[in-house]
Amino acid sequence: MIPVRLITFSCIAEILAMTSFAAFPALMPHFFEAWNLSGTQAGWINGAYFLGFTIFGLLASAVTDRIDARSVVLVGHVVAIAGAAGFAFLSHDFATALPWRFLSGAALACAYMPGLKMLNDRIPALSQARAIAFYTACFSTGSAFSFLIVGLVNDYFDPQSALVVAASGPPLALILVLLLNRPLPVLHPRPWKHIFNFMPVLKNRVTMGYVTAYFCHSWELMAMRSFVVAFLTFAATQSAPPEWLSVSLVSSVVIFMGLPASVLGNEFSLKFGRRPSILVIMAIAFVLAILMGFSIGAPFWIVAILAIMYGFFVTADSSSITSGAVTSAPEKLKGSTMAVHSFVGFGGAMAGPVIAGIVLDLAGGRSDAMAWGFTYLSMASIAILTPIAFKIAR
């Protein structure tokens, strides 16, 4: 298949596989009331999703150095169907939500990085850098689409209908991958006894610099996405927004900004250098996080603009970081490099929402404006580790 078409359909499959991504965070205001959740409990439910991704991401990506990544992706889509259906029909409180969100996160781990490996294995080397940029950018598009569809169905119908619709994407993704990707033999399979030997990756200082940056990036990004609907919902109660400027619309735009941001950020890094670009983008995101977090009480359109700007810059370094990690790895270790990259990065994605929820509770709770400011400050502060990691990795 022509590379452009394969990249396009791979991105569509990625987006469909993620329709249940926002099943909990997009409905968090509902679950706060229906399940009587604290901020810490909400953080743990969000964190369970990324815990599943963290654990299974390490396994799923590593085995793609031995077997065709297509097989791993197909397994991921089957698990995604189970996780989304379980959360929709079998969750009724904090304890019952955790395993299904964990399973959904594990499913995405089997689909996301292995999906990138599946794509890279099927296109020419010259197309791979931009393929990585578009594919990683579509993670944000999939997240945004999930927030949008879940939010809109909830607005016009009810939360249960939104959860059912959220579960509809993984079956379509499964069909698309089956139809468009033929099985492909691994030309130079890594021996099974070496599959889970990650020491060569850990010893690569350049790679680990980018992996550390991905940890910081994922911590901040997923904490922001986990709480953005609850944040905007509370901000809207403090300053009545115009009827057309709904929380669902703003939150979807915030998440969708990841697509142009990731692509443009990659182009920026190609022109000005990957590491300097990443550091500049993180610094801007840090400032915007503080402005956004402490903006409650201002007119809602100002809060919305700050949130959208933050949504752009917090994702603008995504493809640059991932491209840096992948291109710094030897060909025979790319699967293992993606495994470590995914494991460490989404370890941050797991911790970020949990810590943010704890900070929210300690600072005064979800009905306190200053508490939200400190919560967003906690999200952004992790970025200080990136320049330290880059300096060590030289």
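When a residue number appears, it is its place in the shown sequence, counting from 1. Computed from a predicted structure; not experimentally measured.
- Aromatic ring centroids of F346 and F215 lie 6.0 Å or more apart.
- Counting only distance, with no hydrogens or angles, the side chain of Q160 and the backbone of A88 share a donor-acceptor pair below 3.5 Å.
- In this structure, the side chains of H217 and M282 come closer than 4.5 Å at one or more pairs of heavy atoms.
- Every residue two or more places apart in sequence or in another chain was checked for a salt bridge (Lys or Arg N to Asp or Glu O under 4.0 Å) with D361, and none qualifies.
- Judged by distance alone, with hydrogens and angles left aside, the side-chain atoms of K117 form a donor-acceptor pair with the main-chain N or O of T64 at under 3.5 Å.
- At a threshold of 4.5 Å between non-hydrogen side-chain atoms, the residues L90 and T96 do not count as touching.
- A donor-acceptor pair under 3.5 Å links the side-chain atoms of T315 to the main chain of G311, judged by distance alone.
- Side-chain atoms of S323 never come within 3.5 Å of backbone atoms of S320 as a donor-acceptor pair (strictly under, hydrogens ignored).
- Evaluated for a side-chain contact (heavy atoms from CB on, under 4.5 Å) with F286, the options I281, L291, L377 yield exactly one hit, L377.
- Judged by distance alone, with hydrogens and angles left aside, the side-chain atoms of S246 form a donor-acceptor pair with the main-chain N or O of L249 at under 3.5 Å.
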Is there a side-chain contact (heavy atoms from CB on, under 4.5 Å) between F56 and F102? Walk through the geometry before answering. CA-CA 10 Å; F56 282 87; F102 176 89; 3.9 Å; yes
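- At least one donor-acceptor pair closer than 3.5 Å links the side chain of N204 to the backbone N or O of S328.
- Side chains of N154 and H30 form no contact here, defined as non-hydrogen atoms less than 4.5 Å apart.
- Checked by atom type and distance alone, the side chain of W372 never pairs as donor or acceptor with a backbone atom of L360 at under 3.5 Å.
- Checked by atom type and distance alone, the side chain of T54 pairs as donor or acceptor with a backbone atom of G347 at under 3.5 Å.
- Judged purely by distance below 3.5 Å, without hydrogens or angles, the side chains of S262 and S319 pair a donor atom with an acceptor atom.
- A side-chain donor-acceptor contact under 3.5 Å links S143 and R225.
- Checked by atom type and distance alone, the side chain of R101 never pairs as donor or acceptor with a backbone atom of Y49 at under 3.5 Å.
- R366 places no side-chain N or O within 3.5 Å of a backbone atom of A230 that could act as its donor or acceptor partner.
- For an aromatic pair to be called close, the ring centres must be under 6.0 Å apart, and F145 with F256 fails this.
- In summary, the aromatic rings of F231 and Y376 are positioned with their centroids under 6.0 Å apart.
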